[in-house]
Trainee: 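Input: one structure, supplied below.
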Amino acid sequence: LLGAEAEVAASASASSLTVSSVATGEFLPPEALKEMKANLIKFLPFKYLAKELTSQAEILKKVLRDNKEHFPVVFSQASHCLELVCGVEVKEVDPREHIYIMVPNLGLTCDVMLSSGQSMPKAGLLVLILSLIMQNGDRAPEEKVWGALSRLGVCVGSVHCVFGEPRTLLTHVWVQEGYLEYRQVPYSYPARYEFLWGPRAYAETSKREVMAFLLRIKERASRAFPPLSAEAAREEDEAA
């Protein structure tokens, strides 16, 4: 899902670049547009952790360097990535002045305790872990969790630039905060372990909300990458 969302953002940005460039008569290299989006993805979480509002005017001045014609594309795609990866939703609270606030996704408050500037929000990863647990009968073997995270580039024993060391995050931080339970599988020998929803996860969100969120992401990816036609699929299989 993380990979698909990144590709959606890149694809939509490239498409919109062509349109806006023709409409304004200006040319902006794709690399510049990607850099703007990356800078905005870095900027918004720090506003969230500082519990500060932001505005279109501030974003244009501090991040997009007054490239107003590209604001809709960059802002939309950065917001979508932020929602998935960090679990933070960007909402417009003043349509006239274009003032925005960032709120925890699905009601999860696991990032509220973080100090501003010390860490990126991580609720997006927590949502994915909660969904994995749901998909495995409400108890996910830890090997499945580590395997799924490794495919996203989040590997046990390696420090991720956003999520840190995943074993510490999942088995200590989120267990202590009550979002996850990490326990030995009964009667397992040698000992095997599994993850379950913790009491705080049940208190702050629900299975229905988590599934609705994942469906939104899946639909967004499906719109950007429509299914191959039968002929195209056959050609791809033959080439493989």
Side-chain angles (χ1 to χ4, degrees), residues 2 5-127 162 204-205 209-210 212-217 219-221 223-224:
L2 286 170
E5 185 70 5
E7 291 297 331
V8 170
S11 176
S13 296
S15 299
S16 298
L17 170 64
T18 303
V19 174
S20 58
S21 297
V22 172
T24 61
E26 298 180 5
F27 175 76
L28 190 66
E31 293 76 13
L33 200 62
K34 287 184 179 180
E35 182 181 359
M36 287 183 191
K37 188 177 66 177
N39 290 337
L40 184 54
I41 290 173
K42 294 176 184 177
F43 173 78
L44 291 175
F46 289 115
K47 301 294 289 187
Y48 165 69
L49 292 173
K51 299 181 181 179
E52 295 178 356
L53 301 177
T54 189
S55 65
Q56 179 177 333
E58 181 182 30
I59 292 171
L60 287 172
K61 180 179 179 180
K62 294 184 177 180
V63 182
L64 304 188
R65 299 185 294 276
D66 295 323
N67 284 281
K68 188 174 183 179
E69 65 275 14
H70 300 296
F71 177 85
V73 173
V74 176
F75 182 78
S76 175
Q77 296 303 327
S79 298
H80 290 162
C81 287
L82 195 65
E83 180 181 12
L84 179 61
V85 178
C86 296
V88 176
E89 184 177 359
V90 184
K91 292 186 175 181
E92 189 173 41
V93 294
D94 187 341
R96 177 176 296 181
E97 297 295 330
H98 299 296
I99 305 295
Y100 305 97
I101 187 173
M102 282 138 285
V103 297
N105 205 346
L106 304 178
L108 295 170
T109 61
C110 58
D111 296 315
V112 171
M113 293 176 285
L114 297 174
S115 300
S116 176
Q118 290 187 345
S119 180
M120 292 282 282
K122 302 176 177 67
L125 183 66
L126 177 57
V127 172
V162 174
E204 293 185 355
T205 189
E209 290 177 317
V210 170
F213 169 77
L214 294 176
L215 286 173
R216 289 201 305 272
I217 299 302
E219 289 172 0
R220 193 180 302 154
R223 288 196 298 269

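In this chain, numbering begins with 1 at the start of the sequence shown. Note: hydrogens, waters and symmetry copies are ignored here, and every other heavy atom, side chains too, is used.
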Trainee: Just how far is it from atom OG of Ser79 to atom NZ of Lys91, taken to the nearest 0.5 Å?
Mentor: 13.0 Å
Trainee: By the definition side chain to side chain contact (heavy atoms under 4.5 Å, CB included), identify the one residue from Leu33, Ile41, Leu40 that meets it with Lys37.
Mentor: Ile41
Trainee: Can you sort out the partners of Glu204 under salt bridge (Lys or Arg N to Asp or Glu O under 4.0 Å), two or more places apart, ordered by chain and number?
Mentor: Arg200
Trainee: Please round to the nearest 0.5 Å and tell me the distance separating atom CD of Gln77 and atom NZ of Lys34.
Mentor: 12.5 Å
Trainee: According to ring pair (Phe, Tyr, Trp, His ring centres under 6.0 Å), who are the partners of Phe43, at least two apart in sequence or on a separate chain?
Mentor: none
Trainee: So Pro45 and Val88, do their side chains get closer than 4.5 Å, heavy atoms only?
Mentor: no
Trainee: Output, in order, the C-alpha distance, side-chain angles, deciding distance and verdict of side-chain contact (heavy atoms from CB on, under 4.5 Å) for Phe75 and Val90.
Mentor: CA-CA 10 Å; Phe75 182 78; Val90 184; 3.6 Å; yes
Trainee: Salt bridge (Lys or Arg N to Asp or Glu O under 4.0 Å) with Glu92: which residues, sequence neighbours excluded?
Mentor: none
Trainee: Identify the two heavy atoms, one from Val210 and one from Thr205, that lie closest to each other, and give their separation to 0.1 Å.
Mentor: CG2-OG1, 4.2 Å
Trainee: The criterion is side chain to side chain contact (heavy atoms under 4.5 Å, CB included); which residues satisfy it with Arg96, sequence neighbours excluded?
Mentor: Asp94
Trainee: Check ring pair (Phe, Tyr, Trp, His ring centres under 6.0 Å) between Phe213 and all other residues, then give those that pass, not counting sequence neighbours.
Mentor: none
Trainee: Please table the atom pairs, donor to acceptor, closer than 3.5 Å between any side-chain atom in residues 55-63 and protein atoms at least two apart or in another chain.
Mentor:
from  : atom 1 : to    : atom 2 : distance (Å)
Ser55 : OG     : Glu58 : N      : 3.1
Glu58 : OE1    : Thr54 : OG1    : 2.6
Glu58 : OE2    : Lys47 : NZ     : 3.1
Glu58 : OE2    : Lys62 : NZ     : 3.0

Trainee: Just how far is it from atom CE of Met102 to atom CD of Glu52, taken to the nearest 0.5 Å?
Mentor: 9.0 Å
Trainee: Could you check if a side-chain atom of His70 sits within less than 4.5 angstrom of a side-chain atom of Leu64, using non-hydrogen atoms only?
Mentor: no
